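Take a look at the structure set out below.
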Number of protein chains: 2
Amino acid sequence: MPTANQPADGKPAAPTQRTRDKAQSRTRMLAAARRMFQRHGFEAASMRQIAKAAKCTPGALYVHFADKRELLVAMMDEDFALLSAGITACASIADPVLRLSETGRAYVRFALEHPQHYRMLFMTQKPTIEPESYCEIKHGNPDKDGYAFMRETVRQCIEQGRFLARYRDLEMVTQSCWASAHGFVSLYINYGEDPWVEFGEPLAGAYACLDMHMDGLTGGEFSRLVSSQRGGNP
Amino acid sequence: MPTANQPADGKPAAPTQRTRDKAQSRTRMLAAARRMFQRHGFEAASMRQIAKAAKCTPGALYVHFADKRELLVAMMDEDFALLSAGITACASIADPVLRLSETGRAYVRFALEHPQHYRMLFMTQKPTIEPESYCEIKHGNPDKDGYAFMRETVRQCIEQGRFLARYRDLEMVTQSCWASAHGFVSLYINYGEDPWVEFGEPLAGAYACLDMHMDGLTGGEFSRLVSSQRGGNP
DNA sequence: CATCTGAGTGAACGGTGTTCAGCGAAAGTG
DNA sequence: CACTTTCGCTGAACACCGTTCACTCAGATG
């Protein structure tokens, strides 16, 4: 039963007035949702507010998105390209220790620039683990890709003997790298506005955490490498 | 206007039937709220569910707690006391570097032994809590406030020149210590059961993260200190 | 005993995410 | 062109949510 939008032969159909309108609506809704989510957070932003900002009724949102969470996920998919871009930019760095450090920096920059997105990805309780719907079908789980990228870099560091001898457990070291990036930014996202803790410039704090961790892993070689790089290439 | 509960002279009144009932109700409500918050999270747990679990009506909750947020705060106060007890138990350790390390270890043990408590305390998005609503007494007092205790220890480390020269910012270093403990345990609590990250023994991983961080801060002096301690006192 | 007090009730208010019969204009078909 | 089908969208609901409030009535007070 071919439709105008998706013919049976799979060839792209000529965009009709209706399909163009629908795409436009979707874009408008997504933009409105981004504004609301970033301004008020996921819970506080309501579908009615988003609908009003997108100049439609709440029900219309459900034509394009199954539920509120999918609206957020669709929104995050767009911005996730930034994290992927940052990480793939690090892939060109030859030295695995420096590459690992830069990967962490790209990671924390993403977290601090998109705190609400980061919260949804890495700080919320996953309701249920659905292996089919989440992990594989979703054009490759970006979390797993990032993790795998980091693990591969860690593997090279270990193979080249760049880490202290006691840090040989690939999974554990990879997780410690992830944790060194996640720890500070997740605390900042939760308590950055809290008067209870006086946070300074978050990026500086996050970078410092990464550096301390890298020095702990390498026995201080990381800092010496960085300063020699800086001294050698002024 | 003295009441049976709080006479004007400040002397404790004899507990009447009513005051005992009220305290009992409060305790029952708090226990029900803890169950619900830990099971479903702050947002998903509803006042109606809590009321049903506490065998009362939703309105009765508002006799004891101003709103949902205050119910959470009352619950967190109890859990914080448990955590603070574990942290301040390290106060007897003379060496501030070792004391800081042991503080971190106590922190991650609490997190891994009470993952639901920890999630509620440090991993959920909380409504902003004004300082005046919070226990002012605890805030800033190293005996009661774990963060203040850690900061005081960090201050001693800095004053004794135990950290590398570039780590002189008291707040930032304290936050990095917190982050080094929080990072791994929060990831483990979220992804420990997830099939796409293979976690090993969580306590070992968390301790390793702490050690790397301490070595990064001290330029490796921490590990040398620990091994000399171990060698000196076998 | 009469009086007062206050913990608890139950219904309501305005919000929330989500669903769905039906509308009407665009698209497809003869 | 006229007829039928398609489908994005509306508006009204549904079942919840946190919170309020007039009211009740057992226990404390005098």
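The shown structure was predicted, so the numbers you read here are calculated from the model rather than taken from an experiment. We name chains A, B, ... by the order of the sequence lines, and we start the count at 1 in each one.
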Nearest listed nucleotide, side chain of A/S25, among D/dT19, C/dG17, D/dC9: D/dC9
In this structure, how many angstroms lie between the C1' atom of D/dA13 and the OH atom of A/Y62, rounded? 14 Å
What is the nucleic acid contact for B/D67, judged by heavy atoms within less than 4.0 Å: base, sugar-phosphate only, or nothing? sugar-phosphate
Side chain of A/K68, heavy atoms from C-beta onward: which of D/dG18, D/dG8, C/dG17 has the nearest atom to it? C/dG17
When the aromatic ring centroids of B/F122 and B/H117 are compared, is their separation below 6.0 Å? no
B/D79 with B/R34: basic N within carboxylate O range, under 4.0 Å: yes
Does any part of the side chain of B/Q156, heavy atoms only, come nearer than 4.5 Å to the side chain of B/L100, both counted from C-beta? no
In whole angstroms, the gap separating P of C/dT16 from CG of A/L61 amounts to 13 Å
Separation of atom CZ in B/F65 from atom P in D/dT19, rounded to whole Å: 13 Å
Is the shortest heavy-atom distance from the side chain of A/Q175 to the side chain of B/Y191 under 4.5 Å? no
Using a 4.0 Å cut-off on heavy atoms, which residues in residues 46-59 of chain B reach DNA chain C? List them by number, or say none. B/R48, B/C56, B/T57, B/G59
In whole angstroms, the gap separating P of D/dG8 from CD of A/Q17 amounts to 13 Å
Taking the six-membered ring for Trp and the full ring for Phe, Tyr or His, determine whether the centres of B/Y118 and B/Y107 are under 6.0 Å apart. yes
Considering every strand and a 4.0 Å limit on heavy-atom distances, what is the contact class for A/A23: base, sugar-phosphate, or nothing? nothing
Check the distance between D/dC9's C1' and A/M29's CE and give it to me in whole angstrom. 8 Å
Round to the nearest Å and state the distance from B/D21 atom CG to D/dC25 atom P. 18 Å
Check every atom of C/dT19, C/dG8, C/dG24 against the side chain of B/A60 and return the nucleotide holding the closest atom. C/dG8
Could you state the atom-to-atom distance from CZ of A/R69 to P of C/dT18 in whole Å? 11 Å
Between A/F199 and A/F184, does the ring centre distance come in under 6.0 Å? yes
Figure out the CD/P separation between A/E43 and C/dG15, and round it to whole Å. 19 Å
